[in-house]
Amino acid sequence: MCRNIKTLFNFEPPATEDEIQASAIQFVRKLSGFNKPSQANEEAFERAVAEVSEAARRLLTSLHTHAPARDREAEAEKAKERSRLRFG
């Protein structure tokens, strides 16, 4: 899994369109191996990003949980602490 793709489900406030779009771009970049596609591949790349974004949006709106929503700031602090422990 690409480390740059973040969990978007069960947060308060819910994931934004920008966050969904960013995760789709990272996913398509990982699959294609392109950071920025050539002009010949740009249309296919953009279409894939749009399709992945739509699939992610449908997934996030259809998932259900009884767990309490996670706090973005608390999760960010945990991630910083894990990074500090890992990299010093």
Side-chain angles (χ1 to χ4, degrees):
M1 177 69 123
C2 183
R3 293 179 192 202
N4 293 334
I5 298 175
K6 306 295 183 216
T7 300
L8 298 179
F9 177 62
N10 198 27
F11 278 98
E12 191 56 47
T16 65
E17 286 299 315
D18 288 341
E19 290 172 317
I20 293 171
Q21 179 77 9
S23 69
I25 290 169
Q26 286 296 326
F27 183 74
V28 173
R29 283 178 177 169
K30 186 69 168 185
L31 287 179
S32 68
F34 300 137
N35 190 31
K36 182 171 181 357
S38 65
Q39 286 183 342
N41 293 317
E42 188 171 9
E43 183 179 335
F45 187 91
E46 293 300 326
R47 184 174 52 250
V49 169
E51 290 172 359
V52 170
S53 292
E54 180 56 33
R57 197 175 302 103
R58 280 194 317 269
L59 173 66
L60 291 172
T61 58
S62 66
L63 293 174
H64 301 281
T65 185
H66 294 290
R70 293 178 277 182
D71 179 85
R72 290 181 187 279
E73 291 179 17
E75 293 298 320
E77 285 301 317
K78 288 181 198 175
K80 285 179 187 176
E81 180 61 18
R82 284 190 303 269
S83 180
R84 188 188 66 74
L85 292 174
R86 183 174 180 189
F87 300 111

Closest heavy-atom pair and its distance - [X], [Y]:
X: Arg72; Y: Pro13; result: NH2-O, 2.7 Å
X: Asp71; Y: Ala74; result: OD2-N, 2.8 Å
X: Phe34; Y: Asn41; result: CZ-ND2, 3.6 Å

_Checking Ala69 now: which residues fulfil side-chain contact (heavy atoms from CB on, under 4.5 Å) with it, not counting sequence neighbours?_
Asn10, Glu12
*Would you confirm whether Ser83, through its side chain, and Ala79, through its main-chain N or O, come within 3.5 Å as a donor-acceptor pair?*
no
*If you measure from the Lys or Arg side-chain nitrogens to the Asp or Glu carboxylate oxygens, is any gap between Glu81 and Lys78 under 4.0 Å?*
no
*Reported NZ-to-CD distance for the pair Lys6 and Gln26, which is rounded to 0.5 angstrom*: 9.0 Å
*With rounding to the nearest 0.5 Å, note down the distance linking CZ in Arg29 to NZ in Lys36.*
10.0 Å
*Any side-chain heavy-atom pair from Ser23 and Glu19 closer than 4.5 angstrom?*
no
*Between Glu75 and Thr7, is any pair of side-chain heavy atoms under 4.5 Å apart?*
no
*Share the residues that join Leu59 in a hydrophobic cluster, the rule being Ile, Leu, Val, Met, Phe, Trp or Tyr side chains under 4.5 Å apart at the heavy-atom level.*
Leu8, Phe9, Ile20, Leu60, Leu63
